[in-house]
Amino acid sequence: MPYRKLMSDKTFNRLVKIRRRIHQYPEPAYKEVKTAALVAKELTRLGIPFKERVARTGVVGRLGDGAPGAVPTVALRADMDALPIEEKSGLPFSSRVKGFMHACGHDGHTAMLLGAAELLRKAPPEGNVLFVFQPAEEGGAGALAMRDEGVLEGVDMIFGGHIDAHYRLGEIAIRADVETSFTDALQIRIVGKGGHAARPHESVDAVLVASLFVIALQTIISRNIDPLHPAVITVGTVRAGSVYNAIADEAVMKGTLRSTDATTRKRVLARINKTAASLAALHEAQIEVDVREGYPPVINHPEGYALAREVAEGLVGTKNLINLRRPSLGGEDFAYYLERVPGCFVRFGAARGGFEAPVQHSSTFDFEEEVLRLGAIYYAEVARRSIQKLKGKKPGAPGV
């Protein structure tokens with residue numbers, strides 16, 4: 001594709017090595033010490049000043065020394081954390097850390113942003129660019145922690161993205177407005193009365209009540225909300241009992257509620273509580289519902305969306321620009337940045353050989369590494385284009 005000429009193979013091969021090094025040594029939320037050190041080393045090589053230990057393990061590089069407000073400042077973000085999944089990919093650069101792997105592409109995101117830093121360092125725009133290497137996207141709200149430490153001070157726009165094996169290499173998927181969902185976590189504790197398996201009338205079966213609750217939750221989705229407003233309740237774990245011939249006195253279920261509409265979310269949560277009260281009364285059990293509020297939805301801003309779309313289309317062409325008609329029910333803490341600063345979040349197609357590659361959060365997840373080139377070029381280009389737009393200049397991006 002035409003964008004390939006904007007990055008040399010030498011630079012691309014360096015990004016591949018960086019990605020593979022990070023992949024071999026995955027680190028969970030707020031423990032990205034080795035990854036942060038690698039980022040710091042690369043920024044030092046590029047001569048880009050940076051600040052370490054932002055939100056514990058984050059790194060923020062800065063290109064340009066213009067005073068905030070005097071020149072535009074654009075931020076680019078990559079997440080660095082891995083997941084508690086045992087890798088089974090069989091890759092020659094598989095995880096060397098037992099029980100952890102980069103199963104969501106954050107190793108690629110980090111390499112991409114370092115690539116963008118190299119491109120921009122060789123041809124600096126007339127403004128400031130922040131390279132935000134963020135910890136703890138996978139449930140740790142690292143974006144919120146970074147925001148709380150002032151990362152967005154003086155920032156005019158921010159851009160992020162995600163490798164996505166649902167799309168082919170060379171495709172960029174983008175959506176206006178709401179892009180991801182609320183990500184509430186649920187824990188439901190059912191307290192019954194234990195007893196002998198042969199005498200159920202003397203007990204309150206927590207397993208039975210839990211089973212009925214799981215089915216009732218799905219009824220909320222299918223019968224209590226507007227089907228045009230998507231929502232999902234998934235129960236991921238159910239723990240109860242210890243022996244086969246006893247009635248369990250307690251069951252604990254954990255799951256998640258995903259929704260894109262605030263009114264729908266509120267209604268579903270209310271129905272969950274009503275269901276709990278009804279089942280508790282019917283079966284003489286105690287039911288406790290604990291909701292842990294998750295990430296808000298990613299909502300792309302009109303100006304950021306227009307810039308991101310313009311850049312993406314220029315790089316991959318209209319044919320390879322995917323217009324997302326519906327939001328994802330996945331979560332992404334990039335939402336916290338967009339609550340304060342205009343910007344946009346996109347998806348980079350990275351399926352290997354089509355669509356047969358395992359998707360994110362799989363123990364065999366991998367992606368086509370050529371996406372590192374496209375992602376780095378996109379970030380560099382969107383930073384340049386945004387700065388030029390903010391300065392009221394016409395775009396024009398030299399290649400490297």
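Just so we're clear, the structure is a prediction, and the values are computed from it rather than from any experiment. Only this structure's heavy atoms are used, side chains among them; waters, hydrogens and symmetry mates stay out.
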Does the side chain of [Y] come within less than 4.5 Å of [X]'s, by heavy atoms?
X: Leu76; Y: Leu120; value: yes
X: Arg373; Y: Arg4; value: yes
X: Phe159; Y: Tyr378; value: yes
X: Cys104; Y: Glu138; value: yes
X: Ile233; Y: Ile272; value: yes
X: Glu118; Y: Met7; value: no
X: Val16; Y: Leu372; value: yes
X: Leu43; Y: Leu114; value: yes

| message | Any donor-acceptor pair under 3.5 Å linking the side-chain atoms of Arg168 with those of Asn320? | response |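 The criterion, which ignores hydrogens and geometry beyond distance, is not satisfied for Arg168 and Asn320.
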The side chain to side chain contact (heavy atoms under 4.5 Å, CB included) partner of Val155 among Leu130, Val74, Asn128 is Leu130
Examine distances only and state if a side-chain atom of [X] and a backbone atom of [Y] form a donor-acceptor pair shorter than 3.5 Å.
X: Glu27; Y: Thr35; result: yes
X: Thr256; Y: Asp184; result: yes
X: Gln360; Y: Ile163; result: yes
X: Tyr295; Y: Gly139; result: yes
X: Ser278; Y: Thr275; result: no
X: Thr234; Y: Gly236; result: no
X: Ser259; Y: Ala231; result: no
X: Thr180; Y: Val298; result: yes

Can you tell whether the side chains of [X] and [Y] come within less than 4.0 Å, N to carboxylate O?
X: Glu381; Y: Arg385; value: yes
X: Lys193; Y: Glu284; value: no
X: Arg45; Y: Glu42; value: yes

What's the separation between atom [atom1] in [X] and atom [atom2] in [Y], rounded to the nearest 0.5 Å?
X: Leu217; Y: Leu186; atom1: CG; atom2: CG; answer: 7.5 Å
X: Leu113; Y: Leu15; atom1: CG; atom2: CG; answer: 10.5 Å
X: Lys98; Y: Glu86; atom1: NZ; atom2: CD; answer: 4.5 Å
X: Ile22; Y: Leu38; atom1: CD1; atom2: CG; answer: 5.0 Å
X: Leu374; Y: Glu171; atom1: CG; atom2: CD; answer: 10.5 Å
X: Leu307; Y: Arg384; atom1: CG; atom2: CZ; answer: 14.5 Å

For the pair Leu257 and Val232, evaluate side chain to side chain contact (heavy atoms under 4.5 Å, CB included) and give the outcome as yes or no after the intermediate values. CA-CA 6 Å; Leu257 164 63; Val232 167; over 6 Å; no
What do you reckon, is CZ of Arg21 surrounded by more than 12 foreign heavy atoms closer than 6.0 Å? no
Checklist entry - Are there more than 12 heavy atoms of other residues, nucleotides or ligands under 6.0 Å from atom CG of Asn245? => result yes
The complete set of salt bridge (charged side-chain N to carboxylate O under 4.0 Å, His left out) pairs with one or both residues in residues 242-258, sequence neighbours excluded, reads Arg189-Glu250
Across all chains, not counting sequence neighbours, the side chain to side chain donor-acceptor pair (under 3.5 Å) partners of Glu369 are Arg19, Arg20
Between [X] and [Y], which heavy-atom pair has the shortest distance, and what is it?
X: Asp164; Y: His166; result: OD1-ND1, 2.7 Å
X: His283; Y: Val209; result: CB-CG2, 3.8 Å
X: Leu6; Y: Leu119; result: O-CD2, 3.6 Å
X: Val382; Y: Ala308; result: CG2-CA, 4.2 Å
X: Thr73; Y: Gly154; result: CB-O, 3.3 Å
X: Cys344; Y: Asn300; result: CA-OD1, 3.3 Å

Report all side-chain donor-acceptor pairs from residues 331-343 shorter than 3.5 Å, counting only partners two or more places apart or in another chain.
unit_1, atom_1, unit_2, atom_2, d
Glu332, OE2, Arg77, NH1, 3.1
Glu332, OE2, Arg77, NH2, 2.6
Glu332, OE2, Phe334, N, 3.0
Asp333, OD1, Arg77, NH2, 2.7
Asp333, OD1, Gln134, NE2, 3.3
Asp333, OD2, Gln134, NE2, 3.0
Asp333, OD2, Gly142, N, 3.1
Asp333, OD2, Ala143, N, 2.9
Tyr337, OH, Gln134, OE1, 2.9
Glu339, OE1, Arg147, NH1, 3.0

Next on the checklist: Does Asp81 form a side chain to side chain contact (heavy atoms under 4.5 Å, CB included) with His106? I'd like the steps, not just the answer.
Outcome noted: CA-CA 6 Å; Asp81 56 322; His106 295 187; 3.1 Å; yes
Would you please classify the geometry between the His23 ring and the Phe93 ring as parallel, tilted or perpendicular, with 30° and 60° separating the classes?
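Ring orientation of Phe93 relative to His23: perpendicular.
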TODO: Step by step, work out the side chain to side chain contact (heavy atoms under 4.5 Å, CB included) result for Phe12 and Glu370.
DONE: CA-CA 8 Å; Phe12 168 67; Glu370 179 65 28; 3.6 Å; yes
Practice problem: Starting from the C-alpha separation in whole Å, work towards a yes-or-no answer on side chain to side chain contact (heavy atoms under 4.5 Å, CB included) for Arg347 and Glu179. | Solution: CA-CA 10 Å; Arg347 297 182 181 273; Glu179 211 273 341; 2.9 Å; yes
